[in-house]
Amino acid sequence: MNQPIGMIDSGVGGVSVLFEALRLLPEERFLFYGDNANAPYGDQPLERIQANTARCVEKLLSQGIKALLIACNTATSAYAAQLRATLAIPVIGMEPALKPASSLRHGGQVLVLATDATLHLEKFHRLMQLYGQDAVPVVGKGIVELVEAGKACSKEMEALLARLLEPYLRRQTDALVLGCTHYIFLKPLLERLLPGVPLVDGNLGTVRQLRRVLCQQGLLAPEGSKGGYTLMSSGGPEYTCLMERLLRSLDPATPSADEACADALRQERTK
Ligand code: DGL
């Protein structure tokens with residue numbers, strides 16, 4: 001079936017999921033819609049997150065998508081159940097990867113960095129009951145705003161992360177869960193701040209689930225189809241440019257994200 005797959009996020013973060021999707025499903029076409037004009041979602045009341053998400057989904061449904069991937073932990077927690085109950089197409093969502101991270105525990109804590117909404121909605125409480133032993137939720141307040149401003153690798157971000165994580169650095173940390181798709185772009189800074197601590201995210205697992213569902217429902221693109229992606233934003237072309245730049249920063253063929261980040265920080269310091 002050669003219709004596109006829709007992907008949504010509050011903003012640019014979801015392109016980190018798109019990156020994995022393009023690798024795992026190279027024959028599929030993806031329509032990515034970032035709601036940059038209304039980001040961040042994570043500090044908004046539930047009803048606003050739901051209304052924003054519904055608008056994004058409408059946009060993609062009008063383009064004939066065959067499946068929807070919610071590349072946003074916050075929107076999934078707030079609205080995936082309702083979407084699954086009402087849409088005729090498969091809906092794949094995300095959750096902080098606490099389950100795989102909990103298997104890395106060896107006496108220390110598992111930090112779960114996510115948005116305020118993700119950490120306070122019902123879905124996360126259920127996850128904590130199942131896998132939350134020694135898990136410590138940490139609200140990533142202010143991170144999404146900086147990523148949206150193109151400052152994923154900046155002195156400001158370095159200082160913000162140090163401040164957010166400082167209260168937790170005295171205990172042994174066995175893993176850090178990146179529970180928001182925007183946080184994938186912080187890996188180089190986090191690796192410096194928490195050397196040797198595994199950073200766990202749900203991107204690959206989510207895309208594998210998408211592939212499984214497409215396969216089970218006979219929705220995979222015919223063999224030999226030309227895959228690709230289209231980026232769209234409620235915030236205008238500067239955001240689609242930022243998405244493109246962030247997408248490329250994850251490609252191992254370009255200078256490593258770590259080098260690019262070190263470079264960006266060096267340039268800032270010499271300003
Ligand atoms: N990428 C969204 C997530 O995964 C960011 C949420 C926000 O906009 O605050 O949760």
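Worth knowing before you read on, the calculation uses all heavy atoms, side chains too, and leaves out hydrogens, waters and symmetry mates. Both ligands and their constituent atoms are indexed starting at 1 by order of listing.
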Quiz item: Do Ile65 and Leu210 share a hydrophobic cluster (ILVMFWY, side-chain heavy atoms under 4.5 Å, transitive)?
Solution: no
Quiz item: Any sub-3.5 Å donor-acceptor pair from Gln44's side-chain atoms to Asn38's backbone N or O?
Solution: yes
Practice problem: Report the residues that fulfil side chain to side chain donor-acceptor pair (under 3.5 Å) with Lys59, sequence neighbours left out, ordered by chain and then residue number. | Solution: none
Self-check item: Thr74 and Thr118: side chain donor to acceptor below 3.5 Å
Solution: yes
Exercise. Could you tell me the separation between the CG atom of Leu18 and the CG atom of Leu31, rounded to the nearest 0.5 Å?
Key: 10.5 Å
Self-check item: Test side-chain contact (heavy atoms from CB on, under 4.5 Å) applied to Leu25 and Leu220, step by step
Solution: CA-CA 9 Å; Leu25 293 160; Leu220 282 169; 4.0 Å; yes
Self-check item: Protein residues that have a heavy atom under 4.0 Å from any atom of ligand 1, sorted by chain and number
Solution: Asp9, Ser10, Pro40, Tyr41, Gly42, Cys72, Asn73, Thr74, Thr115, Val144, Cys180, Thr181, His182
